[in-house]
Amino acid sequence: MSIGQPGFTSQEQDSCNPFSFEESSTSPLIEDIDQDGIDMGGISNDERNNGNDEGNNENVGNEANDTQNEDADLHKYAFQRKPRKRTSTIWNDFEEVVDADGSKKIKCNYCLAKFNMPSTGATTQFHRHLKRCTQHQLASKKQMVLSVETVASDCAGSIANFKYDRAKVRELAAHMTPYHKYPFMQMEDVIFNKFMRANTPYWQKITRTTIKNDCISAYEIEKKKLKTFFKSINKVNITTDMWKSSNQKIGYMVVTGHFIDSDWNLQKHVLNFFHVPPTHSGVIAADALQKCFIEWGIEDKVSTITVDNARYNDVALRILKDNFTLKKKLSFGGRIFHVRCCAHIINLLVQDGIKEVKDIYPEAEANRNIVTVKQALYEIYNETVDTIHPSKSDLDIYLDESAFICPDGSTNKFDIMGWWKANTLKFRILSKMAHDILLIPITSVASESTFSADGRVIDPYRASLLPETVQVLLCGADWVRALHGLKKGSETNSGIGCLLYLIDVIASLLSGRLVRERIGPAMLSAVQNGCC
């Protein structure tokens, strides 16, 4: 065997590419991204927390192996130059590893981030990384950081050991962005990042691409939870409206679902905010609503739909009513399926003049309307009863009782939902009927108010947003608001307050007699639906 000049290639020359990184955004709320943008390789939080101990143990093991295998090393490098001994102190914090694909990497012993093997042996990038490595900083300080856990009232609660959770930070950032209607670029703002870094040294910048994908992930998570929750709901009432964006020049439809939960709390959620192609005809509107109901799995649970007086709404609801009637899924013969927005009716009355309102309900006609409401209540009650009628029904007992009237000047408002919750056992059948009636919204304000927020989302600077992104931001903001127990300043309870105000206005225009003194709470709600 001819022995030529021995090779002088070093193992460090196997790779000549500088370290690179990719920011993962396929699963934003699950994956983690190091501040330096280095691929974390799917390392778990526990591995990161224990990385320091693992690295130290491995270093000790390496030193022992070096002593035991000294003779083997002499034989290994008999025919080539022995690699120069690494003298930099940086190798106390890093080690060489081999990936599954056979490529050599340099791994941080603290956060377990991996770098490409440098071709020149330079260690500057590793020094830079240690200065910003959170796990290295914690190991250097060797002290526990305490965090104060707060309760819902923002008062101090318990004190516990602090652990920085970047995934939780990104999740809350994905909630904050749609709720406050921040642009995605907000997370890259220079002053904002300086502010966050001044609050915590663990802060890591979130890019606009990452926050967008995080918002989409948060939207999908909350949507899945809401769809699951709807499976336990018997009745869902709908308000809907259409709007044209002045900046995008395209039309949108908003669909809001209203229901009462098991604790007799009125709930509403924006279900969809989607683009509707022109022209806004009744057929297109009906088709869009039908697709929405199927998507959410509530096509068998829709009881009423509240809309304004636009002509295409009459056509759309006539189509939907015919479809629902064929399936025999409408209560009260479908007579309360189409609810006209009370606010629009009042607006038309005001425009026609208050004087015209005074010639509307004279004393005789008001009495006839009360009889009509009472008859409607009995019809609905008979549909609710699935057993043999007793001699005196729940409805008879309820109507025989005197109505509750708040004293003049009282600051306490009558809580009708709380009253029915407290009297559920007393009126077992009637409470079910009240449950279905009281959740019917008498105005489409709940849907129209979404457009005011949309005007701020689709401002002239964000007119290029895709309709799908607009839906994520608008629906996401509504769901985040409910998730954190927040409310809009103008939010009202399903129109009951508006109904009472309407009754007072009409009553004051009549003989001064308060209509609500003459009917009970359940009849009060029936006025908003059956007798209009």
Side-chain angles (χ1 to χ4, degrees), residues 235-243 252-260 265-273 285 289 292 302-314 316-317 320-321 332 335-352 354 357 360-361 369 373 376 413-414 416-417 434-455 474 478 481-482 487-509 515-516 521-532:
K235 297 279 186 177
V236 179
N237 291 334
I238 300 296
T239 58
T240 182
D241 204 354
M242 301 186 74
W243 172 79
Y252 287 93
M253 170 181 281
V254 60
V255 181
T256 306
H258 304 255
F259 56 92
I260 298 178
N265 295 316
L266 286 165
Q267 304 281 355
K268 70 177 183 66
H269 291 290
V270 179
L271 304 182
N272 285 95
F273 191 97
L289 287 171
C292 173
V302 175
S303 178
T304 67
I305 301 179
T306 304
V307 293
D308 60 24
N309 295 316
R311 182 173 299 178
Y312 67 83
N313 282 330
D314 294 339
L317 266 66
L320 291 174
K321 182 179 178 180
F332 199 36
R335 279 180 281 179
I336 59 174
F337 177 71
H338 183 180
V339 180
R340 299 185 181 274
C341 177
C342 183
H344 284 263
I345 296 174
I346 296 177
N347 183 46
L348 293 175
L349 292 174
V350 172
Q351 290 180 1
D352 289 340
I354 297 298
V357 178
I360 291 181
Y361 290 120
N369 287 336
V373 170
K413 295 183 178 179
F414 177 63
I416 189 172
M417 305 303 294
H435 181 281
D436 294 341
I437 292 179
L438 290 176
L439 67 88
I440 301 176
I442 64 168
T443 74
S444 58
V445 172
S447 292
E448 292 182 11
S449 62
T450 308
F451 296 140
S452 62
D454 186 58
L474 267 296
D478 181 77
R481 188 179 298 111
K487 290 185 178 181
K488 288 182 179 180
S490 60
E491 194 171 74
T492 57
N493 290 331
S494 88
I496 291 181
C498 180
L499 173 64
L500 297 178
Y501 172 76
L502 169 64
I503 293 176
D504 279 342
V505 170
I506 296 178
S508 65
L509 295 177
V515 176
R516 54 179 162 173
M523 293 182 69
L524 198 66
S525 299
V527 171
Q528 67 186 20
N529 307 296
C531 67
C532 295

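Values below: every heavy atom of this structure, side chains too, minus hydrogens, waters and symmetry copies. The shown structure was predicted, so the numbers you read here are calculated from the model rather than taken from an experiment.
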Could you state the interatomic distance from [atom1] ([X]) to [atom2] ([Y]), rounded to the nearest 0.5 Å?
X    : Y    : atom1 : atom2 : answer
T256 : K268 : OG1   : NZ    : 6.5 Å
N237 : F337 : CG    : CZ    : 10.0 Å
C292 : N272 : SG    : CG    : 4.0 Å

Over all atoms of both residues, closest heavy-atom pair of [X] and [Y]:
X    : Y    : answer
V339 : I440 : CG2-CG2, 4.0 Å
Y312 : A285 : CD1-CB, 4.3 Å
K235 : F259 : O-CB, 3.7 Å
L438 : M417 : CD1-SD, 3.9 Å

### Query
Going by heavy atoms in the side chains, are R340 and I442 under 4.5 Å from each other?
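Contact flag for R340/I442 side chains = no.
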#### Entry: Among L439, I336, D436, I238, side chain to side chain contact (heavy atoms under 4.5 Å, CB included) partner for T304
I336
### Query
Taking it one step at a time, do L320 and H338 satisfy side-chain contact (heavy atoms from CB on, under 4.5 Å)?
CA-CA 10 Å; L320 291 174; H338 183 180; over 6 Å; no
### Message
According to side-chain contact (heavy atoms from CB on, under 4.5 Å), who are the partners of N313, at least two apart in sequence or on a separate chain?
### Response
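Only V307, D308, A310 meet the side-chain contact (heavy atoms from CB on, under 4.5 Å) criterion with N313.
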### Query
Would H258 and T239 count as having a side-chain donor-acceptor pair, cut-off 3.5 Å?
yes
### Query
By side chain to side chain donor-acceptor pair (under 3.5 Å), which residues pair with T306, not counting sequence neighbours?
none
#### Entry: Polar side-chain atom of D478 near backbone of V270 as donor-acceptor pair, under 3.5 Å
yes
#### Entry: Test side-chain contact (heavy atoms from CB on, under 4.5 Å) applied to T240 and I305, step by step
CA-CA 8 Å; T240 182; I305 301 179; 4.2 Å; yes
### Task
Walk me through it: do D314 and K321 pass the test salt bridge (charged side-chain N to carboxylate O under 4.0 Å, His left out)?
CA-CA 10 Å; D314 294 339; K321 182 179 178 180; over 6 Å; no
### Task
Check the pair W243 / V254 against side-chain contact (heavy atoms from CB on, under 4.5 Å), numbers first and verdict last.
CA-CA 8 Å; W243 172 79; V254 60; over 6 Å; no
